[in-house]
2 protein chains.
Amino acid sequence: MNSRKQHVIRKSHELFIERGFQATSIQDILDYSGISKGTFYNYFTSKNELLISIFRELHSKMEQERNELLIGQDPSDINVFVQQFELQMYINKKNRLTTLFEEVLISNDPELKQFLKRAQLKVVEWTYKRFVEIFGEEKKPYLLDCAIMFIGILQQNMKFYVLDHDRHTGISRVVQYSVKRVERIVEELALSKDQLHDPSSLDKWLPDHLTADRTFQEELNEIVNELKTTIRSDKPDDRKYLELINFIQEELLHETNPRPFLLENALQPLINSELFNPKEVGRLSKLVSRFFKKKT
Amino acid sequence: MNSRKQHVIRKSHELFIERGFQATSIQDILDYSGISKGTFYNYFTSKNELLISIFRELHSKMEQERNELLIGQDPSDINVFVQQFELQMYINKKNRLTTLFEEVLISNDPELKQFLKRAQLKVVEWTYKRFVEIFGEEKKPYLLDCAIMFIGILQQNMKFYVLDHDRHTGISRVVQYSVKRVERIVEELALSKDQLHDPSSLDKWLPDHLTADRTFQEELNEIVNELKTTIRSDKPDDRKYLELINFIQEELLHETNPRPFLLENALQPLINSELFNPKEVGRLSKLVSRFFKKKT
DNA sequence: ATGATCATTAGACTGACAGTATAATACGAA
DNA sequence: TTCGTATTATACTGTCAGTCTAATGATCAT
């Protein structure tokens, strides 16, 4: 993306954090970021679209950091989940995301409305998927309920916690408290078998989430998590595979120039092993070659 | 209140329900309710103040209906609580309250902001107090947490439930589901003794809730509930008192012309009985005489 | 270097809106 | 009738998002 446009996004975000969305006029943005009105409306079709750009920018950054917390970790370890949600809460707070969100929640612009709804749904979906990894496939029918309630519990706890403790210390405490509660709810629902929301609704709510807009990162992460679930960390043979998978993930996400031959070498043993579902391994190697094709 | 002003409130509320707050211009309101601009700004100092008036109107109506559900009922019966919250959800939905709420949640008007925050806090407070009645004094330290989380769970469940079931059937199901969850949370917290919010915070959050703005109704209800808690429904002698108390409540709230001598007669046995805390009975009889003094 | 193309600029302009101001009129109580 | 108050119609101000235009600057292939 145009770096000038980036600059406008950053500057206007600063203003929005400081005075809020409605209270910041286009003119303020023009003055503060040193561009003219014409340029602004060349970059963005409206003030609302600028806001969407800010959300997008932040969200993709958050997603990346959130996924990095999983590298080299056990996806079923609930402590990783706690860290991930702490991160999200921290980023939210730092960028006044919730405030900005609320401020335009019901706006007259249907595009913005749609965007925000989608964003919320994606949080639910992500939480649900993580819950499946954490609590196991067999609890699936209740985990969408749990995801939805967890988010409700957490948001509400946050809202009232900050009334007493203005500084953003304590995020960690609130997240941990909320996670503990939801752990018991999962147990309880598995016994009482009481379901409010059917997980298949997710596909209805997010019709295109399978196809178009998945990032490379997201897909890599999904495959890696799936491969990891078949690994048992108590078997010494399997640890070798775990390291290989972690290496591939690291190399692709963090190396400025990932080395194709190293990745080839790392992939080969996975392909040969009977431990994994060949389809999954196939997806991974396809993803890797797609990565290098795009680069050129 | 001026009936003409009432009329404007009703009419503009209709418009807000139909098109939303922001999307309704003052001119729309003037045309639709058939008044002039001058009159409008004679009644309300701003569009925001009109909105506050609408909220107030609705809230006091809701409060009344909600309290009526308690008449003749056991305050510790959780089914009554379920009905009360169903009522609130129903009124919310019918009047698009949540939508209107969200639309102006973060507005630039500090007065409106303050008002909305207070309204939310009052819901939490009311829920907390009801939980104390339902789950018992000994669980008090955890019941503010439970109230906060209950509201979070309920709101979130609602939000996603309506995505699948557009008609407002099903409110009942969602409320019951959410109440069931919070019942288990109460149990669990009583064991784990994990507290996030101290109930004493409520006084800090709502500094004036003890004094000025309590309605006659609210206070009557509080005293009646407290008196009822000392009654055991299994003792036949006590049932007589229960009937007396219910009669007093009914007479004051629903009779167009409550009869002082009947109330006197009903109060006397309560005063004479040693069953009740004399202070509470005293408050009740004071409240009754205050009621008749105001009437004249 | 030349000229074509595209990004950028300043600023005038429109239209919508909240809220103010005012002069004229209706109406009710003394 | 008269005085005061509520109401009306309407013009006005100021703010803001978004459009339009004519001029200026930058880039780049030939």
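Residue numbers begin at 1 in each chain, while the letters A, B, ... track the order of the sequences. Everything quoted here is computed from the prediction, not taken from an experiment.
- Side-chain atoms of Y32(B) and E14(B) include a donor-acceptor pair closer than 3.5 Å.
- Checked by atom type, the side-chain pair T98(B)/N92(B) shows no donor-acceptor distance below 3.5 Å.
- The distance between atom OH of Y43(B) and atom P of dA6(D), rounded to the nearest whole Å, is 9 Å.
- With hydrogens and angles disregarded, a donor-acceptor distance shorter than 3.5 Å links the side chain of K47(B) to the backbone of T24(B).
- T39(A) has no side-chain polar atom (N or O) that falls below the 4.0 Å cut-off from OP1 or OP2 of dA7(C).
- The interatomic distance linking I35(A) (CD1) with dT9(C) (P) rounds to 7 Å, in whole Å.
- When the ring pair (Phe, Tyr, Trp, His ring centres under 6.0 Å) test is applied to F115(A), no partner is found at least two apart in sequence or on another chain.
- Atom NZ of K5(B) and atom C1' of dT7(D) are 16 Å apart (whole Å).
- Regarding L50(B), its CG atom lies at a distance of 10 Å from the P atom of dG19(C), rounded to whole Å.
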Pairs under 3.5 Å (N/O, protein and nucleotides 12-20 of chain D):
residue: dA17(D); atom: OP1; partner: K47(A); partner atom: NZ; Å: 3.1
residue: dA17(D); atom: OP2; partner: I26(A); partner atom: N; Å: 3.0
residue: dG18(D); atom: OP2; partner: Y41(A); partner atom: OH; Å: 3.3
residue: dG18(D); atom: OP2; partner: K47(A); partner atom: N; Å: 3.1
residue: dG18(D); atom: N7; partner: K37(A); partner atom: NZ; Å: 3.2
residue: dG18(D); atom: O6; partner: K37(A); partner atom: NZ; Å: 2.8

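- Between the side chains of D31(A) and Q27(A), a donor-acceptor pair is found at a separation under 3.5 Å.
- S36(A) has a side-chain polar atom (N or O) that falls below the 4.0 Å cut-off from OP1 or OP2 of dT9(C).
- When the side-chain nitrogen and oxygen atoms of R4(A) are compared with OP1 and OP2 of dA7(C), none of them lie within a distance under 4.0 Å.
- As rounded to whole Å, 15 Å separates atom C1' of dT22(C) from atom CG of N42(B).
- The pair K61(B)-E57(B) fails the salt-bridge criterion, with no side-chain N (NZ, NE, NH1 or NH2) lying under 4.0 Å from an Asp/Glu carboxylate O.
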